[in-house]
Number of protein chains: 2
Amino acid sequence: MFRNTKFKDKSTRPSNLVQTVERVSQIIDLVGNSSQGMSIKDISSTLGLPKGTVHRLLTSLAYFGYIRQDAKTKNYLLGLKLLELGNLITSQLDLRKIAEPYLKELAEKTKETVHMVILDQYEVVYIEKIESEIGTGGLKMASRVGARNPAHSCAVGKVLLSYLTDEELDTFIEKKGLPQRTPNTIVSPIQLKEHLSMVRNQGYAIDDEENEKGIRCVAAPIFDDKGRPVSAISISGPSFRVTKKLIQDVLKKEVIKTGLEISKALGFKGVT
Amino acid sequence: MFRNTKFKDKSTRPSNLVQTVERVSQIIDLVGNSSQGMSIKDISSTLGLPKGTVHRLLTSLAYFGYIRQDAKTKNYLLGLKLLELGNLITSQLDLRKIAEPYLKELAEKTKETVHMVILDQYEVVYIEKIESEIGTGGLKMASRVGARNPAHSCAVGKVLLSYLTDEELDTFIEKKGLPQRTPNTIVSPIQLKEHLSMVRNQGYAIDDEENEKGIRCVAAPIFDDKGRPVSAISISGPSFRVTKKLIQDVLKKEVIKTGLEISKALGFKGVT
DNA sequence: CTTTAAATTTCGTATTACGAAACATTATTT
DNA sequence: AAATAATGTTTCGTAATACGAAATTTAAAG
């Protein structure tokens with residue numbers, strides 16, 4: 001008896017979701033994405049829940065610090081507990097701690113924005129972002145630590161995808177699709193697979209305005225002590241500064257070098 | 001009919017806490033404070049909950065990204081959603097954004113650690129921490145963004161307490177007490193009140209190893225556009241470097257100055 | 001001072017989450 | 001490699017929990 005469809009899949013809705021957890025998550029998302037906080041009325045009408053219910057959940061959340069109530073406006077805002085937890089997880093990702101000095105150096109040297117990401121649920125999650133103090137010239141990238149991006153359309157994502165098995169890639173494509181973000185985005189599965197094998201061979205990836213018009217990036221992988229590609233780093237910037245030539249002549253070399261340095265700091269001994 | 005004891009008090013346990021929220025909070029705290037993550041067994045035995053229940057809550061939390069499961073060890077860890085939320089709240093505290101450059105400059109100039117805090121539930125919460133790149137000489141402060149401290153025993157706390165009304169101060173003392181952290185901690189309510197009125201008059205506070213042996217700090221307040229003391233900043237360091245003389249001659253002036261600069265950036269027009 | 005709107009509390013009820021135990025999977029020992 | 005132990009996952013009948021309509025209180029606006 002074999003069951004070829006039995007893929008344990010953490011991203012599909014569990015059969016027995018706890019209702020309260022779902023509602024709490026919805027409330028926190030909602031409140032988090034409002035700049036001025038929200039009233040109970042707002043929340044209850046947006047989510048279609050009775051005011052009483054929302055109030056009960058909010059007071060419980062407030063008691064544990066996940067939500068706080070503005071003294072003046074009476075609006076509910078994210079609580080400071082989330083600051084604490086956000087920093088806790090940072091310290092759990094010791095990857096990030098180790099990489100930090102190298103990334104700073106890279107940002108200084110190249111005068112562009114440096115990102116560090118990991119792959120989670122087939123999406124790219126930014127775990128570090130360093131902007132060169134000078135040189136960014138008022139142009140700031142909209143990215144933010146904790147934010148997510150499709151993997152197929154950015155350099156860091158393509159680097160990490162390039163180490164997946166063919167089977168995993170199929171699951172990825174099936175689950176996430178290959179949404180076209182710009183005219184340059186690779187949307188054909190076959191093309192993507194060819195591209196990824198190239199990326200893997202050459203050890204770096206370029207995002208030539210595939211994710212956002214006007215932004216170009218180069219990325220390289222980071223390996224842990226077991227040689228597993230656990231993370232990727234990139235240099236990103238506006239296309240008029242980050243030209244194809246600059247990438248080939250300078251930036252490519254620098255990301256790869258920094259990637260290798262961080263890998264070594266993690267105990268990576270090199271291939272074979 | 002008057003009821004003098006009717007103080008709306010957000011920190012006492014609400015009558016109708018949602019059980020699931022409490023359990024979720026316990027689980028997240030537990031998992032967050034473990035460096036290697038925890039198994040279901042660990043969590044259920046620590047909290048005294050049945051495995052099935054813990055499992056159900058964990059899968060729900062994982063679905064929404066608050067918890068993730070390590071692929072290898074199968075242990076549960078904090079999820080990356082918390083990174084995202086931690087960064088969201090940071091951007092909601094635009095106070096912090098505005099202050100950042102000033103604080104960096106202060107840290108550079110003084111070569112010591114600079115903190116920024118707000119008061120929440122009568123406790124000090126660190127919302128920013130900047131370490132001077134050089135000069136810390138291997139000595140790092142254990143503080144962490146999001147962490148909390150009693151208010152009566154640190155400079156930033158005393159600065160903020162100094163603006164409370166007498167009534168609020170009594171509530172604070174009743175609720176939190178004045179725990180003795182070191183031999184220097186002020187533990188007498190009367191002494192504290194006298195001290196605070198002095199702090200308020202002089203516009204800064206010193207923590208002379210009152211919170212931690214070997215650590216001395218100076219702090220100054222930050223006012224918003226309405227003239228309300230919304231935050232406080234401090235310079236902290238080992239007592240052998242941060243001498244009383246250095247504070248009086250140099251540091252005191254610098255924190256006050258930086259505090260005022262930030263206040264002005266927030267729209268503060270000065271007193272009267 | 002009156003009116004309106006939102007926030008908070010109450011309370012009987014049905015749904016939801018509970019948790020004991022069965023079952024499955026993974027790790028450990030012999 | 002087989003057996004055993006230990007942990008993880010699912011099931012399901014039940015009761016406690018959270019629900020939510022409505023009443024009450026509080027705050028804001030006219």
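Protein chains get the first letters and strands the later ones, always in sequence-line order, with residue 1 at the start of each.
A side-chain contact (heavy atoms from CB on, under 4.5 Å) with Y76(A) is found for exactly one of V54(A), L58(A), D42(A), namely L58(A).
Across the helix from dC1(C)-dG30(D) to dT30(C)-dA1(D), the helix axis at one end is tilted relative to the axis at the other end by 50° (nearest 10 degrees, each axis from five pairs).
At whole-Å resolution of the value, CD1 in I67(B) and C1' in dG8(D) are 16 Å apart. Protein atom CG of L49(B) is 17 Å distant from nucleotide atom C1' of dA21(C), rounded to whole Å. Between the CG atom of L17(B) and the P atom of dC19(D) there is a distance of 13 Å, rounded to whole Å. Put simply, CD on Q69(B) is 13 Å from C1' on dT26(C), counting in whole angstrom units. Protein atom CD1 of I40(B) is 5 Å distant from nucleotide atom P of dG8(D), rounded to whole Å. In this structure, L58(B) places its CG atom 12 Å from C1' of dT9(D), rounding to the nearest Å. The distance between atom NZ of K51(A) and atom P of dT24(D), rounded to the nearest whole Å, is 14 Å. The nearest whole Å value for the distance from the CD atom in E22(B) to the C1' atom in dC18(C) is 16 Å.
Distance from the side chain of K74(A) is smallest for dT8(C) among the nucleotides dG20(D), dT8(C), dT9(D). Which of dC18(C), dT8(C), dT9(D) sits closest to the side chain of T53(B) comes down to dC18(C). With dT9(C), dG20(D), dT9(D) as the candidates, the nucleotide lying closest to the side chain of H55(A) is dT9(C).
Rounding to the nearest 0.5 Å gives a distance of 7.0 Å between CD1 of I43(B) and CD1 of I67(B). Note that OG of S234(A) is 12.0 Å distant from NZ of K158(A), once rounded to the nearest 0.5 Å. With rounding to the nearest 0.5 angstrom, the CG atom of N201(A) is 11.0 Å from the CG atom of L196(A).
Backbone-only contact: S39(A) has heavy atoms under 4.0 Å from sugar-phosphate atoms and none from a base.
One finds a side-chain N or O of R23(A) lying less than 4.0 angstrom from the OP1 or OP2 phosphate oxygen of dC19(D). For R56(B), a side-chain nitrogen or oxygen approaches OP1 or OP2 of dC18(C) to under 4.0 Å. For Y76(A), no side-chain nitrogen or oxygen approaches OP1 or OP2 of dA6(C) to under 4.0 Å.
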Stepwise, does the side-chain contact (heavy atoms from CB on, under 4.5 Å) test hold for T53(B) with R23(B)?
CA-CA 10 Å; T53(B) 301; R23(B) 290 178 170 183; 3.7 Å; yes
Applying side-chain contact (heavy atoms from CB on, under 4.5 Å), run through D224(A) and F268(A) and close with a yes or a no.
CA-CA 5 Å; D224(A) 67 7; F268(A) 179 59; over 6 Å; no
Might you list the N or O atoms of the protein lying below 3.5 Å from N or O atoms in nucleotides 14-16 of chain C, with each pair's distance?
none

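Aromatic ring centres of Y66(B) and Y66(A) lie farther apart than the 6.0 Å criterion allows.
For dA6(C), the base has no donor-acceptor partner in the side chain of K41(A) [N/O atoms by modelled type, under 3.5 angstrom].
In this model, a donor atom of one side chain and an acceptor atom of the other lie less than 3.5 Å apart for T165(A) and E168(A).
Contact check on D170(A) versus K193(A) returns a salt bridge, with a Lys/Arg side-chain nitrogen under 4.0 Å from an Asp/Glu carboxylate oxygen.
Side chain of S162(B) to backbone of V199(B): no donor-acceptor contact under 3.5 angstrom is found.
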